[in-house]
2 protein chains.
Amino acid sequence: MPARLKDIAEDLNLSVVTISKVLRDHPDISRETRERVLKRMKELNYRPNLAARALVTGRSYIAGLVVPDLVHPFFGQVAKGLSNGLRKKGYSLVLSSSEDDPALERQEIELLLARRVDVLIVASTQSSVETFHRLEEQKIPYVLIDRRFHGLAANFVGVDDAAVGELATAHLMDAGCRRIAHIGGPNVSTALGRVAGFRRALQAGGMAVAPEYVEMREHGDDAGAASGYKAMQRMLALSPPPDGVFCYNDPTAMGAMKAVLEAGLRVPQDVAVAGCGNVAYAEFLRVPLTSVDQQSGAIGERTARMALALLEKGAPPRPKTVLLSPKLVVRASTLRPRR
Amino acid sequence: MPARLKDIAEDLNLSVVTISKVLRDHPDISRETRERVLKRMKELNYRPNLAARALVTGRSYIAGLVVPDLVHPFFGQVAKGLSNGLRKKGYSLVLSSSEDDPALERQEIELLLARRVDVLIVASTQSSVETFHRLEEQKIPYVLIDRRFHGLAANFVGVDDAAVGELATAHLMDAGCRRIAHIGGPNVSTALGRVAGFRRALQAGGMAVAPEYVEMREHGDDAGAASGYKAMQRMLALSPPPDGVFCYNDPTAMGAMKAVLEAGLRVPQDVAVAGCGNVAYAEFLRVPLTSVDQQSGAIGERTARMALALLEKGAPPRPKTVLLSPKLVVRASTLRPRR
DNA sequence: GGAGAAAACGGAAACTGTATCGGTGACTGA
DNA sequence: TCAGTCACCGATACAGTTTCCGTTTTCTCC
């Protein structure tokens, strides 16, 4: 059994209150007693029972994180940044994976609430905002990351998805592509934002958006590669086929690239490929992949900052939005000679 | 404020004890009261305060996981498998990243202990076993994963690292390589096991182990690619250079491959390359990479099983070891015509 | 009708820590 | 000498739940 305040108190003929005060650096303890107590604490290697503390203070010093998929490097990076940011203030991170299942996500959120987490951070797969309205009723501070909801005024940290789409598409146009396609993702804000940026960039460049060049696919991120592969195969059968494609994310882009190469075409000469996410290994791919960096580390860090601010300063009158600017990382998959 | 047992009790003119019993499906409650209580719980959407419960039962229903790096896909997969396995029994996972820093790891373990986690799961970066002896003194159940310690009898789940080395090396020999090199990792059990397997396979095949063909590198996993790149460059300057290389992990292999290609040599014809980890994108690399699968998903799942067994059945008299068999996944990077 | 048992419920302590407020003794200053 | 102040410490009352044991009521059966 681990030592308790009471044990130390008895050993030293003091009251638990005194020990507790030492623990919390309360001023009205003499230097002498403080040292005796600290010494004894060390000997017993005492650790306060945080569950007990949470019970009385009403603060658990736990943040809950719910992500759709831990294996996705993006969420891994976010979790890392978050964990590092929170650690400094003594917060722990409890992690839930929703497996891209809205029902499971709700259930996990319930569990986290039962644990009385101080703040909730979620990359949601919900299609409705009801869950979050409930959180607001109960005044649970929460931060949405990556994906957000139209019409829900919530604290949010993520990348500017429209800018992602614009950036990649403009770059493809710049690289000389004339028939630019898009392979998109499921029906969440990220995918919608990116395709919107894609359209906007094409229009700004005076190019039409051919409907057959746009395909939005419902898939988990893990199936991205297979999904991109199939979509690209279909597009290559068109005549004329696209000569550039912007993909919702990097796995999708990898699948698309595979389809292009298998069809006997070259990347980037025949079809230029750009992705999003800037995965660590983008450089080592078949053809090194041009990708839009989502700033995942920064998202984690900014989210930690926002979460801590919520806890320390209370909820701001108007929820804050942090929109990070994406950065284009150009590699061989779009590097083709200008003509 | 969330509802408490007391609130429900007062509303219904019952005692908290009764409500608590309903909550835990205790038999001695009439069907009628049970239903009244459940109804009221639903109305208030009551959730038991798990911190309070933990305090009295002494069980937090929390498992602590400490990994060196969340971004590494291996640990992401383990965390996912673990989280899924534990969820079924109502356990949550609190996550700490040690950033490959032994001191930080110890500190995080302390924090988890203060939270009174029921079980600790750690992929340790410690060089000494002292931390774990302390855990044993305090009778904290724990499971080591991935990396273990010579001379420490602890519950362990991981892959058979010697088999990893043997499998990859034997395969390279089989592919006709005559001068096989190894680029190894830092001084932890995984790297040591793999190099041991490497040596054993060579000896079993009647080949000598040239010291200049073996390089063990201290690096975090993130720096793996850079590290593999440098090591390979050095080896290619030897005469004769190796014609096959088994790398500690996939990032290292990617770096090595880059060095080979930059030197104007071909993979696999001039140098065959094998890695370990079987990362999701191995198929899409410059040359699709042959890799030994570490069974990361299975590790997570088996660890969850073992952790739950520890909690339900108590610690077994002798710690158990689960050694998973690695599987070789052959791709183009070692596929060369037999002569 | 009364013993005994079963069913349904509740009182009180316990878990470990924190907050609040009050108390004690020593010293100050007039 | 005595009120006032300060430094230090402790009694008590929680926080929300479980557990142990006890009580009350009803039922069964001879």
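Here is the naming used below: chain letters follow the sequence lines, and residue numbers restart at 1 for every chain.
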Heteroatom pairs (N/O) under 3.5 angstrom, protein to nucleotides 14-18 of chain C:
{"unit_1": "C:dT16", "atom_1": "OP2", "unit_2": "A:R4", "atom_2": "NH1", "d": "2.9"}
{"unit_1": "C:dG17", "atom_1": "OP1", "unit_2": "A:Y46", "atom_2": "OH", "d": "2.9"}
{"unit_1": "C:dG17", "atom_1": "OP1", "unit_2": "A:N49", "atom_2": "N", "d": "2.9"}
{"unit_1": "C:dG17", "atom_1": "OP2", "unit_2": "A:L5", "atom_2": "N", "d": "2.8"}
{"unit_1": "C:dG17", "atom_1": "O5'", "unit_2": "A:Y46", "atom_2": "OH", "d": "3.3"}
{"unit_1": "C:dT18", "atom_1": "OP1", "unit_2": "A:R53", "atom_2": "NE", "d": "2.6"}
{"unit_1": "C:dT18", "atom_1": "OP1", "unit_2": "A:R53", "atom_2": "NH2", "d": "3.0"}
{"unit_1": "C:dT18", "atom_1": "OP2", "unit_2": "A:S20", "atom_2": "OG", "d": "2.8"}

Salt bridge (charged side-chain N to carboxylate O under 4.0 Å, His left out) filter on B:R24, not counting sequence neighbours, yields none
Can you tell me if A:T18 touches the phosphate of D:dC8, counting only side-chain N or O atoms and a distance under 4.0 Å to OP1 or OP2? no
Angle of first-five versus last-five pair axes in the helix from C:dG1-D:dC30 to C:dA30-D:dT1, to 10 degrees: 50°
Would you kindly give the CD-to-P distance between B:E35 and C:dA8, to the nearest whole Å? 13 Å
Does B:S15 make a side-chain N or O approach to OP1 or OP2 of C:dG11 shorter than 4.0 Å? no
Which residues share a salt bridge (charged side-chain N to carboxylate O under 4.0 Å, His left out) with A:D7, sequence neighbours left out: A:R4
Tell me which donor-acceptor pairs under 3.5 Å the side chains of residues 11-19 of chain A have, and how far apart each pair is, sequence neighbours excluded?
{"unit_1": "A:D11", "atom_1": "OD2", "unit_2": "A:R40", "atom_2": "NE", "d": "2.8"}
{"unit_1": "A:D11", "atom_1": "OD2", "unit_2": "A:R40", "atom_2": "NH2", "d": "2.8"}
{"unit_1": "A:S15", "atom_1": "OG", "unit_2": "A:V17", "atom_2": "N", "d": "3.2"}
{"unit_1": "A:S15", "atom_1": "OG", "unit_2": "A:T18", "atom_2": "N", "d": "3.4"}
{"unit_1": "A:S15", "atom_1": "OG", "unit_2": "A:T18", "atom_2": "OG1", "d": "3.4"}

Please identify each residue that fulfils salt bridge (charged side-chain N to carboxylate O under 4.0 Å, His left out) with A:E108, with sequence neighbours left out. B:R87
Does the pair A:E32/A:R36 count as a salt bridge with the N-to-O cut at 4.0 Å? no
Only pairs at least two apart or in different chains count here, so list each side chain to side chain donor-acceptor pair (under 3.5 Å) that has a residue in residues 307-320 of chain A. none
Please determine if a side-chain N or O atom of B:S30 lies less than 4.0 Å away from the OP1 or OP2 oxygen of C:dA7. no
Take atom CZ of B:R36 and atom P of C:dC9, then tell me their distance rounded to the nearest Å. 8 Å
Pairwise N/O distances under 3.5 Å, protein to nucleotides 26-28 of chain D:
none

Just jot down the side-chain hydrogen bond (donor to acceptor under 3.5 Å, both in side chains) partners of A:S30, sequence neighbours excluded, or say none. A:T33
Round to the nearest Å and state the distance from A:I29 atom CD1 to D:dC6 atom P. 18 Å
When the distance from CD1 of A:I19 to C1' of C:dA19 is rounded to whole Å, what number comes out? 16 Å
Here the distance between atom C1' of C:dG25 and atom CG of A:D28, to the nearest Å, is 15 Å
Could you go through residues 46-65 of chain A and list every donor-acceptor pair under 3.5 Å that involves a side-chain atom there, pairing it with any protein atom two or more places apart or in another chain?
{"unit_1": "A:R47", "atom_1": "NE", "unit_2": "B:E110", "atom_2": "OE1", "d": "3.3"}
{"unit_1": "A:N49", "atom_1": "OD1", "unit_2": "A:A51", "atom_2": "N", "d": "2.9"}
{"unit_1": "A:N49", "atom_1": "OD1", "unit_2": "A:A52", "atom_2": "N", "d": "3.1"}
{"unit_1": "A:T57", "atom_1": "OG1", "unit_2": "A:R53", "atom_2": "O", "d": "2.8"}
{"unit_1": "A:T57", "atom_1": "OG1", "unit_2": "A:R59", "atom_2": "N", "d": "3.1"}
{"unit_1": "A:T57", "atom_1": "OG1", "unit_2": "A:R59", "atom_2": "O", "d": "3.3"}
{"unit_1": "A:R59", "atom_1": "NH2", "unit_2": "A:Y91", "atom_2": "OH", "d": "2.3"}
{"unit_1": "A:S60", "atom_1": "OG", "unit_2": "A:I62", "atom_2": "N", "d": "3.3"}
{"unit_1": "A:S60", "atom_1": "OG", "unit_2": "A:R116", "atom_2": "O", "d": "2.8"}
{"unit_1": "A:S60", "atom_1": "OG", "unit_2": "A:D118", "atom_2": "OD1", "d": "3.3"}

Starting from C1' on D:dG10, measure out to CG on A:N13 and report it in whole angstrom. 13 Å
Excluding sequence neighbours, so at least two apart, what forms ring pair (Phe, Tyr, Trp, His ring centres under 6.0 Å) with B:F156? none
Nucleotide C:dT24, atom P - distance to CG of A:L14 in whole Å: 18 Å
Residue list, ring pair (Phe, Tyr, Trp, His ring centres under 6.0 Å) with A:Y142, at least two apart or on another chain: A:F132
Scan side-chain atoms only and decide if B:S296 and B:Q294 contain a donor-acceptor pair under the 3.5 Å cut-off. no
Rounded to the nearest angstrom, tell me the gap between atom CZ in B:R31 and atom C1' in C:dC9. 18 Å
